[in-house]
Amino acid sequence: MSSFRGEHYNHIYLPVRVNNSESLRFLLDTGAGVPFALIDKGRAQVLNLEFQEKRQVGATGGSTALWHIKGAAFSLPGLEFYSQTLGAIDIAPQSVYEGRVVDGILGYDFIRRFVVEIDYAARTLSLYDPVDYKYSGRGEMIPIKLEGKTPQVHARITQFNDIPIETDLAIDTGRDDALVLNNPFVETYHLLQPQRKMLLEPAEESLGGTVRNRISRLKRLQLGRFALRNLTTVFSQDTEGPMSSKNIGGFIGSEILRRFKITFDYSRQRMTLEPNAYFGQPFEYDMTGIRLIAEGPDFRSFKVHRIIAASPAFKAGLQEGDLIVAINDQPTAKLTLEEVQQMFRLDGRSYRLSIKRGNKVFQTKIKLMRLI
């Protein structure tokens, strides 16, 4: 068994060395259904890795270039892999949304080799040999399918009309959201009702294109014996990319997964869920109307990247491009992006923000409220 300590409350990063490099930070992502690990293209160039064949991989609204790197070695403490093919892709721009450097991604090809246990409450990840592994906990074993090298689980969704809908959902540990419902699924079951409270997010750029989201709530999601209620949910309007697929209903993200100790056993095509201390927490969405990104060498400079009209942030006079330099007189340089995001999910809380706009610094007060 190998165990690793996490550094983020809902994402798992592993310390990886490529060709005896310094320790790099790789995201464990069940949604990365490619047959090799991915490394940031810029990081690969710094390591003098040899780029070979190039191809385009599809993404929302377009495609992204990917290079093959053959014959590489990578290692984790206690684990070594030789003569590996890596994929080089432009990952670094996503670091601003994570609030830390992301050097690479470990997906299907890594996960399939082990039984992977993620304990979100303890922020630990453990890897076991599938041959010798025997589960001994009290969780529920749930069958999964590995379609396109991505795990899928059968689930039941209930909207506020109380009519249950059966569907398959992909499990994506690299996704922040609780639940994303694909556009064809949303349209087939008429889930966008005009009388429901719904938030239209500004268009957002992602790997390969533009993401368009509507955010609302879902009454219930049933996974095995576990019922999750009043979930914040993305209702996709995408007509291209993974969220336009008709093959599945959508994606389960880490805002749901972090409420369990979850074990993936690809060799037996099952996952095991054990609820943890987070299970009963309400699902919340940002209550400022801000999409923050983290900049600077240590990712401790927080910029207003997107802002929702008529939101608390909009009413407080914030604009895209503003820097939040202090919250209640505490310099944000002492906070992580994750900590700020959690502060901004507390209904009714008021904060005094110090804002830098160009060469000017001023203060404004913001009172948080639920937007959905």
Side-chain angles (χ1 to χ4, degrees), residues 10-11 27 29-34 38 56-66 89-91 93-94 97-98 102 105 107-108 144-159 165-193 196 198-219 221 223 228 231-258 283 285-286 291 305-306 308 371-372:
N10 67 351
H11 285 173
L27 172 69
D29 186 358
T30 57
V34 290
L38 298 174
Q56 297 295 121
V57 292
T60 305
S63 63
T64 299
L66 179 146
I89 196 169
D90 198 10
I91 297 171
Q94 299 303 304
Y97 301 107
E98 293 291 306
V102 182
I105 296 171
Y108 168 80
I144 58 174
K145 298 185 298 182
L146 292 170
E147 298 289 340
K149 299 182 174 61
T150 300
Q152 296 178 12
V153 64
H154 193 73
R156 181 182 298 115
I157 287 172
T158 305
Q159 194 45 288
I165 305 168
E166 305 278 340
T167 189
D168 290 333
L169 299 171
I171 306 293
D172 191 348
T173 59
R175 188 179 294 270
D176 276 325
D177 311 286
L179 182 65
V180 178
L181 297 179
N182 286 356
N183 184 31
F185 184 80
V186 171
E187 291 190 348
T188 298
Y189 293 100
H190 309 290
L191 298 180
L192 287 177
Q193 300 296 328
R196 292 182 48 222
M198 190 161 295
L199 184 66
L200 177 62
E201 285 194 326
E204 186 66 74
E205 295 300 318
S206 183
L207 284 174
T210 303
V211 178
R212 302 172 181 87
N213 293 330
R214 290 183 182 271
I215 313 294
S216 189
R217 290 187 178 269
L218 192 76
K219 184 174 183 178
L221 171 68
L223 289 175
L228 299 119
L231 295 81
T232 54
T233 303
V234 176
F235 295 79
S236 175
Q237 295 183 300
D238 288 348
T239 57
E240 298 178 86
M243 289 188 289
S244 67
S245 173
K246 298 179 181 179
N247 297 327
I248 57 174
F251 299 82
I252 293 172
S254 58
E255 187 58 28
I256 286 177
L257 301 177
R258 73 177 184 87
F283 289 88
Y285 185 76
D286 173 83
R291 177 69 184 272
H305 180 56
R306 294 285 185 265
I308 296 172
L371 301 177
I372 54 171

Does any non-hydrogen side-chain atom of Asp177 lie less than 4.5 Å from one of Ile215?
no
Taken to the nearest 0.5 Å, the spacing of Phe251 CZ from Ser245 OG works out to 7.0 Å
- Message: Taking the side chain as everything from C-beta on, heavy atoms only, tell me whether Leu181 gets closer than 4.5 Å to Val234.
- Response: no
For Thr30 and Thr150, the nearest pair of non-hydrogen atoms, with its separation, is O-CG2, 3.7 Å
Distance col, row Ile256:CD1 vs Leu221:CG, nearest 0.5 angstrom, shows 5.0 Å
>> Using the rule given for side-chain contact (heavy atoms from CB on, under 4.5 Å), can you reason through Thr158 versus Ile165, listing the C-alpha separation, both sets of side-chain angles and the distance that settles it, and then say yes or no?
In response: CA-CA 6 Å; Thr158 305; Ile165 305 168; over 6 Å; no
Separation between OG1 (Thr64) and CG (Asp90), nearest 0.5 Å, reads 8.0 Å
The reported gap from CE in Met198 to CG in Leu191 (rounded to nearest 0.5 angstrom) is 8.5 Å
Correct closest heavy-atom pair for Glu98 and Asp176 would be OE2-OD2, 4.3 Å
(message) Quick check: do Thr233 and Phe283 have side-chain heavy atoms less than 4.5 Å from each other?
(response) no
Would you call Leu223 and Ile252 a side-chain contact if the rule is heavy atoms closer than 4.5 Å?
yes
Here the pair of heavy atoms bringing Tyr108 nearest to Gly33 is CB-CA, 4.2 Å
The reported gap from CG in Leu200 to CZ in Phe235 (rounded to nearest 0.5 angstrom) is 13.5 Å
Residue set satisfying side-chain hydrogen bond (donor to acceptor under 3.5 Å, both in side chains) with Ser254, at least two apart, ordered chain then number -> Asn10
ask   = Can you list the steps and then say if His11 with Asp29 is a side-chain hydrogen bond (donor to acceptor under 3.5 Å, both in side chains)?
value = CA-CA 9 Å; His11 285 173; Asp29 186 358; over 6 Å; no
Heavy atoms of Gln159 and Arg217 approach each other most closely as OE1-O, 3.7 Å
dist Asn247:CG -> Asn182:CG (nearest 0.5 Å) comes out at 9.0 Å
Worksheet item: Do side-chain atoms of Asp168 reach the backbone of Ile248 as a donor and acceptor pair under 3.5 angstrom?
Response: no
Note: Asp238 and Ser244 closest approach over all heavy atoms is O-CB, 3.4 Å
- Item | Residue pair Lys246, Thr188: steps toward the side-chain contact (heavy atoms from CB on, under 4.5 Å) verdict | CA-CA 10 Å; Lys246 298 179 181 179; Thr188 298; over 6 Å; no
| task | May I ask you to test the Glu255-Leu231 pair for a side-chain heavy-atom distance under 4.5 Å? | result | no
The residue among Val180, Ile157, Leu169 that forms side chain to side chain contact (heavy atoms under 4.5 Å, CB included) with Phe185 is Ile157
Note: Ala32 and Ile105 closest approach over all heavy atoms is CB-CG2, 3.8 Å
